[in-house]
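Just so we're on the same page: letters track the sequence lines, and every chain starts at 1.
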There are 2 protein chains.
Amino acid sequence: MVPDRERFEDGEAREGPILTVPHSSEKILESAESLFAASGYSGVGMRQLAVAVGLSKSSLFHHFPTKRELYAAVLDRALERMEEGLVPECEDGADPSTRLDRWIASIVGVLAEDAPMARLMMRALVDEEPFPALALDGSGREPMAFEVRLARILDRFRALLEAGIADGSFRPVSIGDAIQSTIGALVFHFASGDLGEALIGEPIFSRAAVSRRRREVSEFIRRGLVA
Amino acid sequence: MVPDRERFEDGEAREGPILTVPHSSEKILESAESLFAASGYSGVGMRQLAVAVGLSKSSLFHHFPTKRELYAAVLDRALERMEEGLVPECEDGADPSTRLDRWIASIVGVLAEDAPMARLMMRALVDEEPFPALALDGSGREPMAFEVRLARILDRFRALLEAGIADGSFRPVSIGDAIQSTIGALVFHFASGDLGEALIGEPIFSRAAVSRRRREVSEFIRRGLVA
DNA sequence: GTCTATACGATGATAGAC
DNA sequence: GTCTATCATCGTATAGAC
């Protein structure tokens, strides 16, 4: 019940030397990511995280000065993986419709192989704070790393939609609304846990569910966008 | 800085009789709903809520025995409004395509006129806990009121999709996936706050943004589903 | 870099007066 | 039904030894 390493704070149950293993910040970020994904920013305590990663609270604060900076680092790390999974698909000169298909397949791939990702993203986007304006100007605040990354990703998708509308392969949709609909359709499913499992009848990260999802959401979005 | 009513616990700053106004549970639920929508379950404290509603913590615990039960009541109350906004559209004998349009318009109407709703729903659906299985069987747990309500709403939408597929007006989609895509496209936008505003260039609850959203998401989903 | 120990406000919840 | 007072626990964070 009581976390192992926390008992020592009370001065009781001290028994012997504890094997000290070197811990990198990466291990902290990895544990933090799954905890934040599962319970949200305020649902995770530094004590809890310390136990999960096998360190004391104080050591966590050595690696990251505040909880918020740790959270920002977690978000940035996740978006970095997302960006990496997306880059190769967007740079060649294929037609917009083909690039859209690749884009959707890449996103589904990242979300499906990286279970905490969708939940983490969904929470970050629904939480008000981190995105006072994606515009990055006007508000006196300096943008955080993961905001810049998100803006880059969305700008690339925006450019793809604009190219498709310009050459007539996509309908003349409201681009902002189209991006919102696409994000919602893509990300929500992989963030929906038990509800998703109840709706499709099997775990959402199972192989069958993922390959079906790829087909279904790809066709859904494609039909929503193409002329 | 320090909450007004909480100061008295310290035994200081006691000045005079405080006007006691009768408070109904409804007022608590209303305040709690906007707070939970803004900050999530663990992001809201009973103290904070007590200040917002103008009561002491203890009075809150008189109305609701635990924070979780208060949260469950908030979710149920919100889903109740959602259900009310949906009922008239689903019961007549129109063809599936027409009913789908009405369905989408109703959901957008509820989400747009009820600002905390989308965020509250999104958080509830992404949080693991409250939905161990929408099936309501198998798990030894008794279903909560809002789970029953959600299951009813989703079952009605499922029936609409099945009817449309059966009579050939909809494509033979995977129904679970189609529901997930539809929820994502509909709800995420109104839960996305600053990101949504940055993407569409104006507040998401402004009149212009709402009416555009209704057109855009309706066409997006319709094209994704109809044959 | 890791630990123990501590600081202090906030947390959900309870007891009991009015 | 409302309040004051109190509780043990947890919240983030810091100080300083090794």
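Partners of Arg149(B) according to the salt bridge (Lys or Arg N to Asp or Glu O under 4.0 Å) rule, which considers only residues two or more places apart in sequence or in another chain, are Asp76(B), Glu83(B). In terms of the salt bridge (Lys or Arg N to Asp or Glu O under 4.0 Å) criterion, residue partners of Glu33(A) (sequence neighbours excluded) are, by chain and number, Arg77(A), Arg81(A). Not counting sequence neighbours, the partners of Ala73(B) by the side chain to side chain contact (heavy atoms under 4.5 Å, CB included) test are Leu29(B), Phe64(B). For Glu202(A), the salt bridge (Lys or Arg N to Asp or Glu O under 4.0 Å) test picks out Arg212(A), with sequence neighbours left out. With sequence neighbours left out, Ala178(A) forms a side chain to side chain contact (heavy atoms under 4.5 Å, CB included) with Leu161(A), Val173(A), Leu225(A).
Put simply, CG on Leu70(A) is 10 Å from P on dA13(D), counting in whole angstrom units. One interatomic measurement links the two molecules: CE of Met46(A) to P of dT6(C), which rounds to 21 Å at whole-angstrom precision. Taking atom CD1 of residue Ile28(B) and atom C1' of nucleotide dT2(D), one finds them 11 Å apart after rounding to whole Å. Following rounding to the nearest Å, Glu69(B) (CD) and dG12(C) (C1') show an atom-to-atom distance of 13 Å. One can place CD of Gln48(A) at 18 Å from P of dT9(D), the figure rounded to the nearest angstrom. Counting to the nearest Å, the P atom of dT4(D) and the CG atom of Leu60(B) are 14 Å from each other. Separating the CZ atom of Phe64(A) from the C1' atom of dT12(D) is a distance of 16 Å, rounded to the nearest angstrom. The distance between atom CG of Leu35(A) and atom P of dT12(D), rounded to the nearest whole Å, is 12 Å.
Two residues, His62(B) and Tyr41(A), neighbour DNA chain D, and the one matched to the more 5' nucleotide by heavy-atom proximity is His62(B).
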Identify all pairs in which a protein N or O lies below 3.5 Å from an N or O of nucleotides 14-17 of chain D, and state each distance.
| unit_1 | atom_1 | unit_2 | atom_2 | d |
| --- | --- | --- | --- | --- |
| dT14(D) | O4 | Ser58(A) | OG | 2.9 |

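Phosphate proximity of dT2(C) to Ser56(A): absent, as no side-chain N or O sits under 4.0 Å from OP1 or OP2.
For Leu55(A), counting side-chain heavy atoms from C-beta on, the closest listed nucleotide (dG11(D), dT2(C), dG12(C)) is dT2(C). Of the listed nucleotides (dG12(C), dC3(D), dT12(D)), dT12(D) has the atom at the smallest distance from the side chain of Lys67(A).
Residues Gly85(B) and Ser106(B) share a closest heavy-atom pair of O-CB, 3.6 Å.
A donor-acceptor pair shorter than 3.5 Å can be found between the side chains of Ser181(A) and Arg213(B).
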